[in-house]
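In what follows, a single structure is set out as structure tokens and then discussed.
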Protein chains: 2
Amino acid sequence: MSRKLAYRNLPQLFLKAREELLCHFRPIISHFGLTEQQWRILRTLSETEQLEPREICEICHILSPSMTGVLSRMEEMNLVTRERMPEDQRRVIVRLTPKSEQLVSELGPLIVEQYKVIEKAFGAELIKELYEVMDRVIAAERGPIPRVALPPKKDWSAL
Amino acid sequence: MSRKLAYRNLPQLFLKAREELLCHFRPIISHFGLTEQQWRILRTLSETEQLEPREICEICHILSPSMTGVLSRMEEMNLVTRERMPEDQRRVIVRLTPKSEQLVSELGPLIVEQYKVIEKAFGAELIKELYEVMDRVIAAERGPIPRVALPPKKDWSAL
DNA sequence: GTTGACTGGCTAATATGTTAGTGATTGAAT
DNA sequence: ATTCAATCACTAACATATTAGCCAGTCAAC
């Protein structure tokens, strides 16, 4: 027994590494009463002025059903405005409010400062390689990757 | 306006890269009626025989309050057993059931096979560097990293 | 003009993440 | 023996993740 698989759990490593990073930013973000997802959206919108929900989903890696709730709460908090497009009643435009513009202008520099602290601690070399490898992983996804054949479904509840 | 921060959102890159990987495993895992977290726990237990909840939390990167629910459901599904330690009534021992041992022995090889497929598509080189950089990020966390000074709290709800 | 495929945001149901706090238990210090 | 801090699993409340499906709006083909 106690046999290990041939490959270490790579997604789990990502999870851990991500958490090691994020724990240095989380206190800053929550200090301003924001969640991590809300900050992702604010940051994105501050760099793009206006976006549609599905674009925000794509960029911020938040699924559509989650986005509905997140945007509702942010609208409630007066962080964003939602406006239907007249020419296509299905689509919606999301924008920052003056309040959140102000918020980003105060929060943003702190985030950058923390990045510099981390870069110093980790070494600029490591950070550079990190960005590089991540980009290669994401780019590698361009070719279709086959999926292993799955056995017929089995009724595990019986056991 | 539209000014970008000096650093790209690194945690978000991790999120994306992780998803690019995980999407190749998720179908396999859910084919067996498991969630991603349940598989993390099963895999870990299969490599260690028995563990306490807080150890599983640490290894699998699941917070304690989530773990309570996850383990309850897994116990309900007859995937694990929970047993209080006699010598310390606070602590609990979690073990695999024969059913889940069987499940792991069928699922595990498929996971390994999928890793090989991915390694072939990404290039063994990239995978190797990936593991290496991740380990360095996690190891870099050994030294205490200072936190930027935060301004006094402000009542943003007023705006 | 109607049909039919499609799109985009949404709801519903369930599982997990996050933060704060509870209660029983243990072990060390009094 | 009693106090006290620490530990561990758990609960509560809320936010988000995940999967499935719904519904109105659009657009092209008929």
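Labels below follow one simple rule: chain letters A, B, ... track the order of the sequence lines, proteins then strands, and each chain is numbered from 1.
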*Using a cut-off of less than 4.0 Å, is there contact between a side-chain N or O of A:Ser64 and OP1 or OP2 of C:dG9?*
no

Closest to the side chain of B:Leu63, out of D:dA15, C:dG9, C:dT19, is C:dT19

Closest to the 5' end of DNA chain D, once A:Val70 and A:Gln89 are matched to their nearest nucleotides, is A:Val70

Name the nucleic acid region contacted by A:Glu87, choosing base, sugar-phosphate or nothing; use a 4.0 angstrom heavy-atom cut-off, strictly under.
-> sugar-phosphate

- Query: Do the non-hydrogen side-chain atoms of A:Ile29 and A:Thr35 ever get within less than 4.5 Å of each other?
  - Reply: no

In whole angstroms, the gap separating C1' of C:dT16 from CG of B:Leu15 amounts to 14 Å

Check: B:Arg3/A:Ser46 side-chain N/O donor and acceptor closer than 3.5 Å:
no

**Asked** For D:dA17, does OP1 or OP2 lie under 4.0 Å from any side-chain N or O of A:Gln37?
**Response** yes

From the candidates D:dT16, D:dT18, D:dA9, the one with an atom nearest any side-chain atom of B:Pro53 is D:dA9

Regarding the side chain of A:Pro65, the nearest nucleotide among D:dA9, C:dT11, D:dA15 is C:dT11

note: A:Gln12, atom CD; C:dT16, atom P; distance rounded to Å ~ 15 Å

Please determine if a side-chain N or O atom of B:Thr35 lies less than 4.0 Å away from the OP1 or OP2 oxygen of C:dT16. yes

*asked:* Heavy atoms only, 4.0 Å cut-off, all strands: where does B:Arg82 land among base, sugar-phosphate and nothing?
replied: sugar-phosphate

- OP1 or OP2 of D:dC23 less than 4.0 angstrom from a side-chain nitrogen or oxygen of A:Arg90, does that happen here? no

_Between B:Ile93 and B:Arg82, is there a side-chain heavy-atom distance shorter than 4.5 Å?_
no

Rounded to whole Å, the CD-P distance (A:Glu36 to D:dC14) equals 21 Å

Note: for B:Asp88 and A:Glu19 on DNA chain C, the residue whose nearest nucleotide lies more 5' is A:Glu19

Of the candidates D:dT16, D:dA17, C:dG17, the side chain of A:Arg40 sits closest to D:dA17

Just say parallel, tilted or perpendicular for the rings of B:Phe25 and B:Tyr115, cut-offs at 30° and 60°. tilted

Comparing nearest nucleotides in DNA chain D, the 5'-proximal residue of the pair B:Ser66, A:His61 is B:Ser66

B:Ile62 atom CD1 is separated from D:dC8 atom P, nearest whole Å, by 18 Å

Take A:Glu36 and A:Arg40, measure what salt bridge (charged side-chain N to carboxylate O under 4.0 Å, His left out) needs, and give me the verdict at the end. CA-CA 6 Å; A:Glu36 187 213 326; A:Arg40 286 214 298 272; 2.6 Å; yes

note: A:Leu71, atom CG; C:dG8, atom P; distance rounded to Å ~ 16 Å

From CE of B:Met67 across to C1' of C:dT19 the rounded distance in Å is 17 Å

Rounded to whole Å, the CZ-P distance (B:Arg54 to D:dA6) equals 17 Å

Between CG of B:Leu34 and P of D:dT18 the distance, given in whole Å, is 16 Å

key: OP1 or OP2 of C:dT26 under 4.0 Å from side-chain N/O of B:Arg91   = no

Residue pair B:Gly69/A:Glu55 against DNA chain C: nearer the 5' end by closest nucleotide is A:Glu55

Original post:
Quick one: are B:Gln12 and A:Ile59 in side-chain contact, heavy atoms under 4.5 Å?
Top reply: yes

